[in-house]
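Have a look at the structure below, then the notes.
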Amino acid sequence: MVQRALAAKNVVYAKGGTIFAGFLKILPMFIMVFPGMISRVLYKDDVACPDAESCERVCGNKLGCSNLAYPS
């Protein structure tokens, strides 16, 4: 961000470059984190196992359902 501000033509470009760099740093959260959180809410029985018995019932493994990302 500092390099964008120092290399800018004027103050307006410096502010715009800094805001753009901040947006690029926040963008992965919207791409990766939010869809994962939404899937945990929508598919409670498949993704989020509250206890070992429900995990074994849903996916056949007491430790967790981490293999659900790979379709069989």
Side-chain angles (χ1 to χ4, degrees):
M1 286 187 185
V2 173
Q3 288 177 347
R4 288 182 190 271
L6 291 175
K9 293 180 183 179
N10 55 26
V11 177
V12 175
Y13 284 105
K15 288 180 181 180
T18 306
I19 290 172
F20 180 69
F23 174 72
L24 289 178
K25 288 187 177 200
I26 293 176
L27 188 64
M29 183 177 70
F30 293 107
I31 293 173
M32 292 183 282
V33 175
F34 284 157
M37 293 170 61
I38 291 169
S39 68
R40 275 188 77 95
V41 171
L42 291 178
Y43 305 107
K44 292 178 185 173
D45 295 335
D46 295 337
V47 177
C49 299
D51 54 5
E53 289 80 22
S54 64
C55 274
E56 187 175 19
R57 179 176 40 86
V58 171
C59 59
N61 187 3
K62 285 186 178 182
L63 299 176
C65 295
S66 61
N67 292 333
L68 286 176
Y70 307 106
S72 53

Using a 4.5 Å side-chain heavy-atom cut-off and chaining through intermediate ILVMFWY residues, the residues clustered with Phe30 come out as Ile26, Met29, Val33, Phe34, Met37
Side chain to side chain contact (heavy atoms under 4.5 Å, CB included) involving Val12 - partner list, sequence neighbours excluded
Asn10
Heavy-atom closest contact (Pro28 atom, Leu24 atom, distance):
CD-O, 3.4 Å
Minimum heavy-atom separation for Ala14 to Ala8, with atom names?
N-CB, 3.4 Å
